[in-house]
Amino acid sequence: MTDAAQPGAAATGADIAAMPFEAALAELEEIVGRLERGNVALEDSIAIYERGEALKKHCETLLRKAEARVEKITLSADGRPRGVEPLDVDR
């Protein structure tokens with residue numbers, strides 16, 4: 001268990017903002033597991049829930065940034081690559 005997921009750990013935005021996606025997601029999964037097991041005191045549950053919310057938002061932001069960077073290759077009529085364009089995630 002990471003120190004940040006410990007009850008009473010400081011849930012600063014700076015430590016979360018510096019986390020890579022994989023680390024933030026792993027900590028979020030750990031928090032969800034602890035809350036689902038229900039063996040956490042009420043005050044600690046509230047604190048780790050709030051940290052989980054911050055981690056969730058951070059993960060969503062990182063995913064949106066990654067999606068914006070993804071490009072799809074466009075093909076010409078003869079099937080040859082002709083360039084790239086932004087990925088349309090709504091399709």
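As a basis for the values below, the full set of heavy atoms in this structure was taken, side chains included, without hydrogen atoms, waters or symmetry mates.
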Participant: Taking only residues two or more places apart in sequence, or in another chain, which ones meet K57 in a salt bridge (charged side-chain N to carboxylate O under 4.0 Å, His left out)?
Facilitator: none
Participant: Kindly give the heavy-atom pair with the smallest separation between L63 and F21, and that separation in Å.
Facilitator: CG-CE1, 3.7 Å
Participant: Measuring from atom CD of E30 to atom CG of L35, what distance do you get when rounded to the nearest 0.5 angstrom?
Facilitator: 11.0 Å
Participant: Is any side-chain heavy atom of I16 closer than 4.5 Å to a side-chain heavy atom of R51?
Facilitator: yes
Participant: To which residues is L42 joined in a hydrophobic cluster, defined by side-chain heavy-atom contacts under 4.5 Å among Ile, Leu, Val, Met, Phe, Trp and Tyr, whether direct or through other members?
Facilitator: I46
Participant: Side-chain heavy atoms nearer than 4.5 Å, only ILVMFWY residues, links allowed to pass through others: does that put L25 and M19 together?
Facilitator: no
Participant: CD of E50 to CG of L55: how many Å apart, nearest 0.5 Å?
Facilitator: 12.0 Å
Participant: For E60, enumerate each residue passing the salt bridge (charged side-chain N to carboxylate O under 4.0 Å, His left out) test, keeping only those at least two apart in sequence or located in another chain.
Facilitator: K56
Participant: Let me know which of E27, R34, E29 forms a side-chain contact (heavy atoms from CB on, under 4.5 Å) with I31.
Facilitator: E27
